[in-house]
**Student:** 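I have a structure here, written as structure tokens, and I will follow up with some questions on it.
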2 protein chains.
Amino acid sequence: MAKKDSKILDKSTEEKIKSAARLLFQQKGFAATRTRDIAQESGINLALLNYYFRSKEKLFELIMMEALTGFFAVLKSVINDSNSSFEDKLDLLVETYITRLLVNEDIPMFILSEIRSNPKALLKVINAERLMIDSVFIHQLQKQIEAGVYKPIHPNHFLMNFMGLTVFPFVAKPMILHLGDGNETEFRKHLEERKRLIPIWIKALLNT
Amino acid sequence: MAKKDSKILDKSTEEKIKSAARLLFQQKGFAATRTRDIAQESGINLALLNYYFRSKEKLFELIMMEALTGFFAVLKSVINDSNSSFEDKLDLLVETYITRLLVNEDIPMFILSEIRSNPKALLKVINAERLMIDSVFIHQLQKQIEAGVYKPIHPNHFLMNFMGLTVFPFVAKPMILHLGDGNETEFRKHLEERKRLIPIWIKALLNT
DNA sequence: GTCTATATACGGATAGAC
DNA sequence: GTCTATCCGTATATAGAC
């Protein structure tokens, strides 16, 4: 934001450090990541890390903040749009998230595992609690249930099912590859298929 | 195994250390856990940790090994039992895992996040790859599909759906509590309900 | 087996030259 | 802004008395 007027496309030092930090923090978590490794990975010197970001912790908070806001930006914009139907939102959410996660597979594990050690981090970014449960999305679901389109279900179950089907494969990828017959490419192919399948499945669950 | 002849029920020092280590490693992961904290938590002295387990790493490997074998013991015994039907296995697996995880909620996150940094750890314990995909359980599913009882589905999708619905809530608990209306007790109540619901849902998916 | 004291290494952070 | 050299706290591990 500050010094982004540079006409050159080369990443600034600051950006190089952030990229490396993102990579390492997301792969290994805060505690297992060494600032020295971040420095090396970004091709700069260790001292510059502190010069730009003051401390490992500050740098981490920045990365986590950006990951969280990025992750929830989509969600927030979609689930409270009153111009689209429940079914539209369902399609859009699944499609958008799987697409994004396929280019950045480590995000869910990163967020979930780090939040476990520091749950307050969530509060800063998603100031609104009950973000999902109070959304237009869920209200529309309840309308549909009242109208008899779907069978009754508790919103929390719906939430668990929806997220479970969509993001769990990314969290459990190593295990799934090991238990199943999967190689990397098979895995990605299945995830692509799930963009289409999950909305269908979710509706099936809502009719059961 | 070695010195378990003690007639006293008090936990041995070795066992006290292991309990504390289990607690801390599972909550915070390997890198964020300090051996000093394990010592303090178990009420013994730091030196004893190395006396019994040689190093932090060795202790961790032991804890992880036990977690993995515990986690997969159930799975292995159930999925290759040829005397029970596909549907029986489904019920039993969901019931067993939710029950166990409700008393030890950190296990899935612990396994999944540590495996990410060290995927080879899996190989040691689950020497058999394709454990799931080559099981009687999955073969029975395919028989049912051939018989027209269920619609075709790729085993990997089935695996992702099954695990996603069952274990994801435990992995994402903090997020789910935050996004939903959940307090701790609601959460547990929903998980109890899911013992009954998930098998029904899975069958619904298999008919879609 | 259990403790206190300590060796040793490592990782985060800064001083200061350029 | 960027580097090298270094400080200093902390964490693992061990020595050695009891």
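Residue numbers start from 1 in every chain, and the chains themselves are labelled A, B, ... in the order their sequence lines are given, proteins ahead of strands. These figures come from a predicted structure and were not determined experimentally.
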**Student:** List for me each residue that meets side chain to side chain contact (heavy atoms under 4.5 Å, CB included) alongside Leu24(B), sequence neighbours excluded, and say none if there are none.
**Tutor:** Lys28(B), Thr33(B), Asp37(B), Ile38(B), Glu41(B)
**Student:** What string of B, S and - do you get for nucleotides 3-8 of chain C 5' to 3' if you count protein non-hydrogen atoms under 4.0 Å?
**Tutor:** BB----
**Student:** State which of dA13(D), dA13(C), dG1(D) makes the closest approach to the side chain of Asn50(B).
**Tutor:** dA13(D)
**Student:** Does Leu46(B) have any side chain to side chain contact (heavy atoms under 4.5 Å, CB included) partners at least two apart in sequence or in another chain, and if so, which?
**Tutor:** Thr35(B), Arg36(B), Ala39(B)
**Student:** Please enumerate all residues that pass ring pair (Phe, Tyr, Trp, His ring centres under 6.0 Å) together with His178(A), with sequence neighbours excluded.
**Tutor:** none
**Student:** Quick one: Phe53(B) CZ to dG1(C) P, roughly how many Å, whole number?
**Tutor:** 12 Å
**Student:** When you get a sec, tell me which of dA13(D), dT14(C), dG12(C) is the closest nucleotide to the side chain of Ser55(B)?
**Tutor:** dA13(D)
**Student:** For residues 109-123 of chain B, which residue pairs pass the side-chain hydrogen bond (donor to acceptor under 3.5 Å, both in side chains) check, not counting sequence neighbours?
**Tutor:** Asp106(A)-Arg116(B)
**Student:** Using whole Å, report how far CD1 of Ile17(B) lies from P of dA13(D).
**Tutor:** 13 Å
**Student:** When you measure from every atom of DNA chain C, which of residues 59-67 of chain B have a heavy atom less than 4.0 Å away?
**Tutor:** none
**Student:** dA11(D) P sits how many Å from Lys28(B) NZ, rounded?
**Tutor:** 10 Å
**Student:** For the pair Arg54(A) and Glu61(A), find out whether any cationic side-chain nitrogen is under 4.0 Å from an anionic carboxylate oxygen.
**Tutor:** no
**Student:** Does OP1 or OP2 of dA13(D) have a side-chain N or O of Thr35(B) closer than 4.0 Å?
**Tutor:** no
**Student:** Measure from CZ on Arg34(B) to P on dA13(D) and round the result to the nearest Å.
**Tutor:** 12 Å
**Student:** Tell me, which pairs form a ring pair (Phe, Tyr, Trp, His ring centres under 6.0 Å) where one or both residues lie in residues 26-50 of chain B, sequence neighbours left out?
**Tutor:** Phe30(B)-Phe60(B)
**Student:** Take atom CD in Glu66(A); do more than 12 heavy atoms of anything else shown fall under 6.0 Å from it?
**Tutor:** yes
**Student:** Closer than 4.0 Å, any side-chain N/O of Tyr51(A) to the OP1 or OP2 of dT2(D)?
**Tutor:** no
**Student:** Mind calculating the distance between CG (Leu49(B)) and P (dT2(C)) to the nearest angstrom?
**Tutor:** 13 Å
**Student:** Who passes side chain to side chain contact (heavy atoms under 4.5 Å, CB included) against Arg130(B), sequence neighbours left out?
**Tutor:** Asp181(A), Ile133(B), Asp134(B)
**Student:** Whole angstrom is fine here: how far is it from CD1 in Ile38(A) over to C1' in dA13(C)?
**Tutor:** 13 Å
**Student:** Atom CD of Glu14(A) and atom P of dT2(D): how far apart are they, to the nearest Å?
**Tutor:** 10 Å
**Student:** Whole-Å distance between dA13(C) C1' and Lys58(A) NZ?
**Tutor:** 13 Å
**Student:** For Arg196(A), check salt bridge (Lys or Arg N to Asp or Glu O under 4.0 Å) against everything at least two apart and list the hits.
**Tutor:** none
